[in-house]
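Scroll down for the structure; my scribbles are underneath it.
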Amino acid sequence: MRADRLVSLVLLLRQRGQLTADALARELEVSTRTVLRDIEALSAAGVPVYAERGRHGGFALLPGFRTELTGLNHDEALALLTAGSGRGEQVLGLGSALASAMRKVVDALPEGHRATASDAAQRFLVEPETDLLSRRLVTEEVSRSTMIEVRRAVLAGHKLRIHYAATGQKPQWRTVDPIGLVTVRDRAYLLATRSGADRTYRLSRVLAAEELPEPAQRPDRVDLDRIWRQRCARFLSDGHITVLVRVNPARREDLLNTALAVRAEEPDADGWLRLEVTFQDSWHAEWALWQLGLNAEALAPQSLRTSLRNRAAAIATRYDD
């Protein structure tokens with residue numbers, strides 16, 4: 001851990017020039033005292049770092065000093081910088097590791113390409129916090145300590161004890177066998193088994209976690225993509241309703257924002273779209289389609305068409321002069 005931090009410190013000084021101890025501490029997420037100890041260790045190891053005294057002072061490297069990090073071409077570095085420039089700091093609590101990796105990517109480039117790649121990455125924006133309609137993405141918070149314990153158990157293959165707050169229930173401690181971690185639209189999930197039964201836990205509902213020394217009961221190899229698809233299909237078929245609907249393309253996003261999932265989509269003959277979507281239940285489906293008015297038509301099931309027709313008739317009767 002300390003070795004990685006020392007490398008990150010050197011790269012920060014190489015790429016940004018002179019920095020104060022406080023600025024380095026913020027970047028490395030450590031105390032100022034730790035930074036000063038690291039600077040002393042680097043000097044003892046022969047790294048030419050020196051201190052500038054005074055009001056505008058700080059630490060810097062002697063000109064020309066370069067670490068030995070090579071092997072990336074311009075496009076490879078640009079791809080990594082772009083991928084890490086969006087909301088990557090949210091991914092599974094790996095924000096500081098991502099920042100360190102990005103510094104190494106920049107430093108790995110030849111001198112002439114370094115500024116070019118950094119400038120080019122600024123021209124790409126990946127997953128901003130809001131879309132064109134100013135709808136803000138909701139990021140679920142997971143405490144750093146909880147995320148670290150969960151991640152360790154997943155990678156080490158150990159059992160995991162979690163204090164979990166399921167919807168509508170009091171938080172309870174549970175011991176699970178972790179399989180893997182999945183992130184979807186800024187939500188993180190733990191795939192696990194409990195007493196041999198499949199379980200999926202939303203990490204924002206894990207109030208505390210503890211890695212246990214016992215080995216987890218799980219296969220040595222895993223296909224997370226396949227497991228996730230299976231669990232999604234099982235979730236959508238558990239008491240939910242699937243609706244066949246025609247929708248005006250201009251209101252497609254409004255429909256998708258209220259549906260749980262889209263199972264099929266194809267253009268209709270008149271320029272509209274025909275979609276097969278899943279809702280929580282019949283009431284949810286009726287409410288969602290009612291919001292779209294004449295811009296959507298439920299084709300199936302018949303019970304939903306009947307409910308929408310009855311609601312429209314009741315409204316028409318109320319406003320009948």
Side-chain angles (χ1 to χ4, degrees), residues 79 82-83 85-88 90-91 123-140 167 182-189 191 198 200 202 204 223-321:
T82 301
S85 67
R87 301 172 62 80
Q90 307 289 346
V91 179
R123 304 292 176 177
F124 302 149
L125 178 60
V126 180
E127 292 292 338
E129 292 188 0
T130 59
D131 62 14
L132 282 174
L133 300 179
S134 297
R135 293 173 297 196
R136 189 176 182 86
L137 297 178
V138 179
T139 301
E140 297 186 339
T167 304
V182 177
T183 60
V184 181
R185 296 180 181 176
D186 287 331
R187 290 182 179 178
Y189 298 89
L191 305 188
D198 291 344
T200 302
R202 187 181 293 185
S204 60
D223 185 347
L224 274 187
D225 187 54
R226 177 183 58 80
I227 294 174
W228 180 251
R229 289 198 306 269
Q230 290 174 345
R231 296 197 180 186
C232 287
R234 193 181 311 150
F235 171 79
L236 293 175
S237 63
D238 185 15
H240 300 145
I241 180 175
T242 299
V243 175
L244 183 61
V245 59
R246 295 176 67 251
V247 64
N248 185 330
R251 301 299 299 275
R252 175 184 179 275
E253 292 301 317
D254 295 324
L255 173 65
L256 298 190
N257 284 339
T258 59
L260 291 178
V262 179
R263 295 194 166 189
E265 179 177 354
E266 61 182 9
D268 214 356
D270 57 359
W272 279 31
L273 299 173
R274 183 178 292 242
L275 292 90
E276 186 178 341
V277 295
T278 300
F279 291 101
Q280 186 75 36
D281 49 33
S282 298
W283 184 91
H284 181 203
E286 181 180 337
W287 172 85
L289 292 176
W290 184 261
Q291 311 307 307
L292 299 178
L294 297 178
N295 286 293
E297 178 189 1
L299 302 177
Q302 182 59 44
S303 58
L304 177 59
R305 290 179 60 87
T306 300
S307 296
L308 288 167
R309 184 186 63 218
N310 291 343
R311 175 184 281 206
I315 292 292
T317 299
R318 171 163 293 183
Y319 291 100
D320 187 8
D321 293 332

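Small disclaimer: the values here were computed from a predicted structure and weren't measured. Numbers for residues simply follow the sequence, beginning at 1.
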So how far is it from His284 NE2 to Thr278 OG1, rounded to the nearest 0.5 Å? 10.5 Å
Could you give the distance from CZ (Arg309) to OG1 (Thr306), rounded to the nearest 0.5 Å? 4.5 Å
For Ala285 and Phe279, the nearest pair of non-hydrogen atoms, with its separation, is CB-CD1, 3.5 Å
Give a yes or no on whether the backbone of Glu253 and the side-chain of Asn257 come within a donor-acceptor separation of less than 3.5 Å. yes
Can you name the closest pair of heavy atoms from Gly271 and Pro249 and give their distance? O-CG, 3.3 Å
Heavy-atom side-chain contact between Val243 and Pro301 under 4.5 Å: yes
Considering only heavy atoms from C-beta outward, does the side chain of Asp254 approach that of Gln291 to under 4.5 Å? no
Strictly by salt bridge (charged side-chain N to carboxylate O under 4.0 Å, His left out), give each pair with a member in residues 288-300 just once, sequence neighbours left out. Arg246-Glu297, Glu297-Arg305
Is it true that a side-chain atom of Asp223 and a backbone atom of Arg226 form a donor plus acceptor pair closer than 3.5 Å? yes
Side-chain heavy-atom pair Glu265, Arg274 within 4.5 angstrom cut-off: no
Could you tell me which residues satisfy ring pair (Phe, Tyr, Trp, His ring centres under 6.0 Å) with Trp228, sequence neighbours excluded, listed by chain and number? Tyr189
Between Glu266 and Leu273, is there a side-chain heavy-atom distance shorter than 4.5 Å? no
Indicate yes or no for a side-chain donor-acceptor contact from Asp268 to the backbone of Asp270 under 3.5 Å, with no hydrogens or angles considered. no
Full working for side-chain contact (heavy atoms from CB on, under 4.5 Å) between Asn295 and Val247: CA-CA 6 Å; Asn295 286 293; Val247 64; 5.5 Å; no
Can you name the one residue among Asn248, Leu256, Leu255 that meets side chain to side chain contact (heavy atoms under 4.5 Å, CB included) with Arg252? Leu256
For Val277, the option from Thr242, Thr258, Val245 that meets side chain to side chain contact (heavy atoms under 4.5 Å, CB included): Val245
Are any of the side-chain nitrogens in Glu286 or Arg311 under 4.0 Å away from the carboxylate oxygens of its partner? yes
Mind listing the closest non-hydrogen atom pair of Ser282 and Ile241 along with its distance? OG-CD1, 3.7 Å
Would you say Leu308 and Leu289 make side-chain contact, with heavy atoms under 4.5 Å? yes
Before you tell me yes or no, could you show the steps for Asp198 and Arg231 under side-chain contact (heavy atoms from CB on, under 4.5 Å), namely the whole-Å CA-CA distance, both residues' side-chain angles and the distance that decides it to 0.1 Å? CA-CA 9 Å; Asp198 291 344; Arg231 296 197 180 186; 3.4 Å; yes
